[in-house]
Amino acid sequence: MVRRTRNIRHAAVLAATVLLSAGLTPAAFAAGAPSTPGPDAAELSGFWTAARMTAARPGDTGPDDTGQDESMAARTTEPTVDGPRPGEVIPPSKSFDGIPQAGTFFWTDASGTGRTCSGSVVRSPGHNLVLSAGHCLKGYSGSSPKRHLAFVPQYHDGLTPFGIFPVQDNGVYVSQQYYDKGEHAGAAYDFGFAVTEANQDGQRLEDAAGGVELLTGSGYAHAPVRMIGYPGGAPKPLECLSKTTKWASDDSADPGTFERIACAGFVGGTSGGPMLVARPGGWGVIGVIGGYHTGGNTPQVSYSAYFGPATQALYKAATTGAPPAGPAS
């Protein structure tokens with residue numbers, strides 16, 4: 001996500017805070033047989049100290065995981081194309097301690113700099129799956145080095161309340177169309193999954209933190225929608241209550257039809273963050289920050305690729321152990 005840096009706007013409690021806080025706790029999941037913690041979990045637990053996690057920078061501002069920030073000059077359109085409409089009311093966001101089913105990835109780029117991108121735990125047969133944006137994960141498909149790649153559910157203030165979950169070798173799933181078309185022409189495929197290993201205590205991710213339901217083919221218009229994301233360098237995640245509407249791209253470089261949501265303060269690092277709707281017993285995810293202009297050129301308006309058959313097919317590949325796609329050789 002290419003965002004202009006702005007101070008995150010903190011607001012008073014939203015009018016519908018009762019929806020965010022009351023009666024929508026994580027669904028209970030029966031813990032499966034505990035796994036044996038692997039050496040990766042112990043290694044990453046030691047590597048990702050509070051200081052390293054706090055110092056990590058947004059991972060959604062560089063084009064190829066080299067550590068070089070993407071320039072606005074590289075864009076084919078001006079940021080005003082996807083910004084707020086004249087007179088549009090932008091719902092405020094606020095920082096909070098997060099929820100167990102949402103968290104952030106940590107990894108080191110080629111220069112050794114710590115990077116972050118948001119994600120959410122989705123329910124799966126293996127209890128080990130994270131949903132994020134394709135542009136966050138695409139550098140790690142196939143045989144690409146992991147470089148300390150791990151997911152931390154409900155990360156906040158340097159804390160890892162459920163532990164650190166390494167991403168499996170060859171465990172990153174991004175659509176082949178996204179690799180073939182690229183971030184912009186392939187914006188409609190900007191989603192991905194990561195298969196994790198057990199944490200340092202031998203727990204599977206969903207057993208430890210719970211999960212949200214992946215919703216596909218559910219339409220573009222939803223209200224209310226709770227959006228969560230992790231701004232790079234911030235000690236806590238953001239949440240915002242808003243609605244999604246249908247957005248047909250007006251930029252030929254980023255074709256497709258997307259979900260659009262207005263929420264203040266969603267800067268770099270929030271890419272991959274979930275857009276959630278209430279479901280019986282928990283939450284369902286209808287989108288992630290990404291897609292059109294890799295999620296939006298301004299911190300006030302975000303986008304998501306539409307979750308349809310391609311999303312369901314990618315989920316099936318990730319949950320059945322199919323070989324992951326990768327860049328053309």
Trainee: Decide yes or no on side chain to side chain contact (heavy atoms under 4.5 Å, CB included) for I99 and I228, but give the supporting numbers first.
Mentor: CA-CA 9 Å; I99 63 173; I228 297 174; 3.7 Å; yes

Trainee: Looking just at side-chain N and O atoms, do T244 and H222 make a donor-acceptor pair shorter than 3.5 Å?
Mentor: no

Trainee: Could you tell me if the side chain of V167 sits less than 4.5 Å from the side chain of V130, heavy atoms only?
Mentor: no

Trainee: Working to the nearest 0.5 angstrom, can you tell me the gap between T54 OG1 and L159 CG?
Mentor: 9.0 Å

Trainee: Identify whether V225 and L238 are in the same connected component of the hydrophobic contact network (ILVMFWY, side-chain heavy atoms under 4.5 Å).
Mentor: yes

Trainee: For the atom pair CG (L215) and CD (Q312), what is the distance rounded to the nearest 0.5 Å?
Mentor: 10.0 Å

Trainee: Mind listing the closest non-hydrogen atom pair of P324 and N170 along with its distance?
Mentor: CG-O, 3.6 Å

Trainee: Name the orientation class of the two ring planes belonging to F106 and W48 (parallel below 30°, tilted from 30 to 60°, perpendicular beyond 60°).
Mentor: tilted

Trainee: Under the 3.5 angstrom rule, does the side chain of S93 hit a backbone N or O of A264 as a donor-acceptor pair?
Mentor: yes

Trainee: With a 4.5 Å limit on heavy-atom distance, are the side chains of P153 and L205 in contact?
Mentor: yes

Trainee: Is Y178 reaching over with its side chain to a backbone N or O of K138, donor-acceptor style, under 3.5 angstrom?
Mentor: no

Trainee: Within this structure, what is the CG-CD1 distance for the pair D190 and I289, rounded to the nearest 0.5 Å?
Mentor: 11.0 Å

Trainee: Between E239 and K94, is the salt bridge (charged side-chain N to carboxylate O under 4.0 Å, His left out) condition met? List the steps.
Mentor: CA-CA 6 Å; E239 67 173 348; K94 66 184 181 72; 2.6 Å; yes

Trainee: Going by heavy atoms in the side chains, are T245 and Y220 under 4.5 Å from each other?
Mentor: no

Trainee: Is there a side chain to side chain contact (heavy atoms under 4.5 Å, CB included) between L129 and Y315 once you walk through the steps?
Mentor: CA-CA 9 Å; L129 200 62; Y315 174 84; 3.6 Å; yes

Trainee: For S120 and Q101, which I'm curious about, is there any donor-acceptor pair between the side chains at under 3.5 Å?
Mentor: no

Trainee: Does the side chain of T257 reach to within under 4.5 Å of the side chain of K246, using non-hydrogen atoms?
Mentor: yes

Trainee: Closest approach of G158 and A50, non-hydrogen atoms and distance?
Mentor: O-CB, 3.6 Å

Trainee: Given the rule that I, L, V, M, F, W and Y join up when any side-chain heavy atoms are under 4.5 Å apart, are L214 and V288 in one cluster?
Mentor: yes

Trainee: Should V195 and L44 be counted in the same cluster of Ile, Leu, Val, Met, Phe, Trp and Tyr side chains packed under 4.5 Å apart?
Mentor: no

Trainee: Check each of N199, D40, V152 against I164 using the side-chain contact (heavy atoms from CB on, under 4.5 Å) test, and report the only one that passes.
Mentor: V152

Trainee: Go through the steps to decide whether S242 and M227 satisfy the test side chain to side chain contact (heavy atoms under 4.5 Å, CB included), and finish with yes or no.
Mentor: CA-CA 8 Å; S242 188; M227 188 162 70; over 6 Å; no

Trainee: Over all heavy atoms of both residues, which pair between M275 and S304 is shortest? Give the atoms and the distance, please.
Mentor: CE-CB, 3.7 Å

Trainee: Using the ring of each side chain (for Trp, its six-membered ring), is Y230 parallel, tilted or perpendicular to Y155, with breaks at 30° and 60°?
Mentor: tilted

Trainee: Between Q176 and A325, which heavy-atom pair has the shortest distance, and what is it?
Mentor: OE1-CB, 3.2 Å

Trainee: For the residue pair I261 and K243, establish whether any side-chain heavy-atom pair is separated by less than 4.5 Å.
Mentor: no

Trainee: Using 0.5 Å steps for rounding, measure from the OG atom of S132 to the CG atom of L137.
Mentor: 4.5 Å

Trainee: To the closest 0.5 Å, what do you measure between CZ (R123) and CD (E213)?
Mentor: 6.0 Å

Trainee: Can you see which heavy atom on G98 is nearest to which on Q154, and at what distance?
Mentor: O-NE2, 3.1 Å

Trainee: Would E197 and R204 pass as an ion pair if we require N to O under 4.0 Å?
Mentor: no

Trainee: Passes side chain to side chain donor-acceptor pair (under 3.5 Å), E183 versus T294? Steps please.
Mentor: CA-CA 7 Å; E183 287 185 358; T294 58; 5.1 Å; no

Trainee: Do D207 and Q203 meet the criterion of a side-chain donor-acceptor pair at a distance under 3.5 Å?
Mentor: no

Trainee: Rounded to the nearest 0.5 Å, how far apart are OG1 of T196 and NE2 of H127?
Mentor: 11.5 Å

Trainee: Return the orientation label for the F307 and F191 ring planes: parallel under 30°, perpendicular over 60°, tilted otherwise.
Mentor: perpendicular

Trainee: In terms of hydrophobic clusters joined by side-chain contacts under 4.5 Å, are W283 and L131 together?
Mentor: yes

Trainee: Pick one: which of V301, D251, T298 meets side-chain contact (heavy atoms from CB on, under 4.5 Å) with H293?
Mentor: D251

Trainee: Looking only at the aromatic ring of each residue, does the gap between the centers of F165 and F151 stay below 6.0 angstrom?
Mentor: no

Trainee: With a 4.5 Å heavy-atom cut-off, do S271 and C136 have their side chains touching?
Mentor: yes

Trainee: Establish, from distance only, whether the side-chain atoms of D109 and S111 form a donor-acceptor pair under 3.5 Å.
Mentor: yes

Trainee: Parallel, tilted or perpendicular: which fits the ring planes of Y140 and W107, with parallel below 30° and perpendicular above 60°?
Mentor: perpendicular

Trainee: Mind running side chain to side chain contact (heavy atoms under 4.5 Å, CB included) on C263 and Q300 for me, showing each step along the way?
Mentor: CA-CA 5 Å; C263 273; Q300 298 99 337; over 6 Å; no

Trainee: Is the Y303 to F258 ring centre distance short of 6.0 Å?
Mentor: no

Trainee: Linking I/L/V/M/F/W/Y whenever any side-chain heavy atoms sit under 4.5 Å apart, do I286 and F266 land together?
Mentor: yes

Trainee: Provide the closest heavy-atom pair for G229 versus T270 in the form atom of the first, atom of the second, distance.
Mentor: C-CG2, 3.8 Å

